[in-house]
Undergrad: 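The structure that follows is given in the form of structure tokens.
Worth saying up front: this structure is predicted, and the values here are computed from it rather than measured.
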Amino acid sequence: MTETTDTSGTSGASAASGGTTSSGTASAKEIGVIDRSAAILTALQDTPLTAAEVCRRLGYSKSTTYRLLADLRTHRFIVRDNNGLLRLGPFPGRRSIATTNSVLEHLRTLTSESVQLWVRVGEDRVCVRNVEADHELRVSRSVGTVLPLVDGGSGALALCGPGNPQEFYATKQARVKGTASASVAFTVGGAILALCVSYPLTREPDNVAGAYRTVLGQAAVELKALLDDSEEFAVLRDIARLALGARRSE
């Protein structure tokens, strides 16, 4: 009875106390969300995972994990690929984590084929990044390779186009017998770059556009976001410049 009688007399103090406690709880909750989100990003930095695998690895409940994953996807910290795997996305502040090579390596994982990034310089194209397939039989292009655009190939066609990632190009035996490639192009700082998947004809998909158009387009969009106004783009241009200088001095 005493507690019941005293309630009205202490209502103001209780409300003030309740407000302080609520604020403290909210702050602790926010810190918990940040910690858990950071743990998810750290896990995905090692390898792409499904949502269920994130749950198992970190020990969070499904409801908590799915809510955090949804928020991270909304802000482009993470993206979901065509295989349902979650991986780091193109959030602008993530450039120290995501690199051109990491995007190319993921594309190689999706296609199981070699991937190159070319930049157009005048009437030539220069390979500035390359990730080779794991197959014993594969198409290889070393960084610094210079090829005239007139030699053809899907990469050359893409570089001669408008630089729109939605434009898809595919060729067979355009330069080397028994090989094929598929490419899309994108622009960064006035330069045109082409992202290319190269493979032997013996492994050509029945539907080349169906197999490569979407994944190439998505990777090109991510690369553009990573390279715009970045130091890495300056490095890529230096690679192209040095490769052309070396060829002219031969």
Undergrad: Is Leu193 reachable from Leu104 through a run of hydrophobic residues whose side-chain heavy atoms are each under 4.5 Å from the next?
TA: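 Yes, because Leu104 and Leu193 connect within a single hydrophobic cluster, where side-chain heavy atoms sit under 4.5 Å apart.
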
Undergrad: For the hydrophobic clusters of this structure (ILVMFWY residues joined by side-chain heavy atoms under 4.5 Å, transitively), does one cluster hold both Trp118 and Val131?
TA: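 No, separate clusters.
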
Undergrad: With sequence neighbours left out, what residues match Ser61 under side-chain contact (heavy atoms from CB on, under 4.5 Å)?
TA: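 Result, side-chain contact (heavy atoms from CB on, under 4.5 Å) vs Ser61: Ser63, Thr64.
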
Undergrad: Identify whether Leu244 and Leu242 are in the same connected component of the hydrophobic contact network (ILVMFWY, side-chain heavy atoms under 4.5 Å).
TA: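 Different hydrophobic clusters.
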
Undergrad: My understanding is that only residues two or more places apart in sequence, or in another chain, count here; which of them pass salt bridge (charged side-chain N to carboxylate O under 4.0 Å, His left out) with Arg129?
TA: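 Listed in chain order: Glu232.
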
Undergrad: Under the rule for salt bridge (charged side-chain N to carboxylate O under 4.0 Å, His left out), what residues qualify as partners of Arg138, not counting sequence neighbours?
TA: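 Applying salt bridge (charged side-chain N to carboxylate O under 4.0 Å, His left out) to Arg138 gives Glu132.
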
Undergrad: Ala240 and Val121: which non-hydrogen atoms are nearest, and at how many Å?
TA: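 Nearest pair, atom of Ala240 first, then Val121: CB-CG2, 4.0 Å.
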
Undergrad: Would you mind reporting whether Arg141 and Ser198 have side-chain heavy atoms less than 4.5 Å apart?
TA: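 Sidechains of Arg141 and Ser198: no contact.
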
Undergrad: Answer yes or no: is there a donor N or O on one side and an acceptor on the other, between the side chain of Ser230 and the main chain of Leu227, under 3.5 Å?
TA: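 Pair found, side chain donor or acceptor close to backbone of Leu227.
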
Undergrad: Out of curiosity, does Val139 fall in the hydrophobic cluster containing Val126 (side-chain heavy atoms, cut-off under 4.5 Å, transitive links)?
TA: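 Per the 4.5 Å side-chain linkage, Val126 and Val139 are not co-clustered.
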
Undergrad: With Glu105, which residues qualify under salt bridge (charged side-chain N to carboxylate O under 4.0 Å, His left out), at least two apart?
TA: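 Glu105: no salt bridge (charged side-chain N to carboxylate O under 4.0 Å, His left out) contacts found.
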
Undergrad: How about Leu86 and Leu49: do any of their side-chain heavy atoms sit closer than 4.5 Å?
TA: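 No - every pair of side-chain heavy atoms lies 4.5 Å or more apart.
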
Undergrad: Please identify each residue that fulfils ring pair (Phe, Tyr, Trp, His ring centres under 6.0 Å) with Phe186, with sequence neighbours left out.
TA: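 Partners of Phe186 under the ring pair (Phe, Tyr, Trp, His ring centres under 6.0 Å) test: none.
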
Undergrad: How many angstroms lie between atom CD1 of Ile239 and atom SG of Cys127, to the nearest 0.5 angstrom?
TA: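 One gets 9.0 Å once the value is rounded to the nearest 0.5 Å.
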
Undergrad: Taking side chain to side chain contact (heavy atoms under 4.5 Å, CB included) as the criterion, tell me which of Asn130, Asn101, Thr109, Leu107 meets it with Val115.
TA: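 When side chain to side chain contact (heavy atoms under 4.5 Å, CB included) is applied between Val115 and each of Asn130, Asn101, Thr109, Leu107, only Leu107 qualifies.
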
Undergrad: Which distance, rounded to the nearest 0.5 Å, do you find between the CD1 of Ile40 and the CG of Leu68?
TA: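 If we round to the nearest 0.5 Å, Ile40:CD1 and Leu68:CG are 4.5 Å apart.
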
Undergrad: With a 4.5 Å cut-off on side-chain heavy atoms, are Ser112 and Asp134 touching?
TA: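 Side-chain contact under 4.5 Å: no.
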
Undergrad: Please name all residues satisfying salt bridge (charged side-chain N to carboxylate O under 4.0 Å, His left out) with Arg203, sequence neighbours left out, ordered by chain then number.
TA: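 Arg203: salt bridge (charged side-chain N to carboxylate O under 4.0 Å, His left out) contacts with Glu113.
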
Undergrad: With a 3.5 Å distance limit and no angle check, can you tell me whether Gln173 reaches the backbone of Gly178 through a side-chain donor-acceptor pair?
TA: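 Checked: pair present.
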
Undergrad: Applying side chain to side chain donor-acceptor pair (under 3.5 Å) between His106 and each of Glu222, Arg87, Gln218, report the one that passes.
TA: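 Testing each of Glu222, Arg87, Gln218 against His106, the sole residue satisfying side chain to side chain donor-acceptor pair (under 3.5 Å) is Arg87.
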
Undergrad: Are Val208 and Leu195 joined in one hydrophobic group, where the rule is that I, L, V, M, F, W and Y side chains link up if heavy atoms are under 4.5 Å apart?
TA: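 Yes, because Val208 and Leu195 connect within a single hydrophobic cluster, where side-chain heavy atoms sit under 4.5 Å apart.
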
Undergrad: Report yes if the side chains of Leu236 and Val119 come closer than 4.5 Å at any heavy-atom pair, otherwise no.
TA: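 When only atoms from C-beta onward are counted, Val119 and Leu236 do not touch, as no gap falls below 4.5 Å.
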
Undergrad: Just to verify, what does Ala209 make a side-chain contact (heavy atoms from CB on, under 4.5 Å) with, not counting sequence neighbours?
TA: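 Once residues adjacent in sequence are excluded, the partners of Ala209 under the side-chain contact (heavy atoms from CB on, under 4.5 Å) criterion are Phe168, Asn207, Arg213.
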
Undergrad: Indicate yes or no for a side-chain donor-acceptor contact from Glu53 to the backbone of Thr50 under 3.5 Å, with no hydrogens or angles considered.
TA: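 Such a contact is found between Glu53 side chain and Thr50 backbone.
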
Undergrad: So, taking the atom named CG in Leu85 and the one named CD1 in Ile78, what distance separates them when rounded to the nearest 0.5 Å?
TA: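 Taking CG in Leu85 and CD1 in Ile78, the distance rounds to 11.5 Å.
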
Undergrad: Check the pair Leu223, Leu117 against side chain to side chain contact (heavy atoms under 4.5 Å, CB included), reporting the backbone distance first and the verdict last.
TA: CA-CA 10 Å; Leu223 284 173; Leu117 181 64; 4.3 Å; yes

Undergrad: Can you sort out the partners of Asp71 under side-chain contact (heavy atoms from CB on, under 4.5 Å), two or more places apart, ordered by chain and number?
TA: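 Expected list: Arg67.
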
Undergrad: Which side-chain N or O atoms in residues 147-160 pair as donor and acceptor under 3.5 Å with protein atoms at least two apart or in another chain?
TA:
| from | atom 1 | to | atom 2 | distance (Å) |
| --- | --- | --- | --- | --- |
| Ser154 | OG | Ser181 | OG | 2.6 |
| Ser154 | OG | Ala182 | N | 3.4 |
| Ser154 | OG | Ser183 | OG | 2.7 |

Undergrad: Kindly write out the residues that satisfy ring pair (Phe, Tyr, Trp, His ring centres under 6.0 Å) with Tyr169, not counting sequence neighbours, or none if the list is empty.
TA: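 With neighbours one apart ignored, the set is empty.
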
Undergrad: Short question: side chain of Lys224, backbone of Val188 - any donor-acceptor pair under 3.5 Å?
TA: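 A pair under 3.5 Å: no.
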
Undergrad: What pair of heavy atoms forms the shortest contact from Leu72 to Ser37, and how long is it?
TA: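 For Leu72 versus Ser37, the nearest heavy atoms are CD2-CB, 4.2 Å.
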
Undergrad: Looking at residues at least two apart in the chain, or sitting in another chain, which of them share a side-chain contact (heavy atoms from CB on, under 4.5 Å) with Thr65?
TA: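 Result, side-chain contact (heavy atoms from CB on, under 4.5 Å) vs Thr65: Val54, Cys55, Tyr60, Leu69.
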
Undergrad: Under the ring pair (Phe, Tyr, Trp, His ring centres under 6.0 Å) definition, can you give me all pairs with a residue in residues 196-231, not counting sequence neighbours?
TA: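 Non-adjacent pairs meeting ring pair (Phe, Tyr, Trp, His ring centres under 6.0 Å): Tyr199-Tyr212.
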
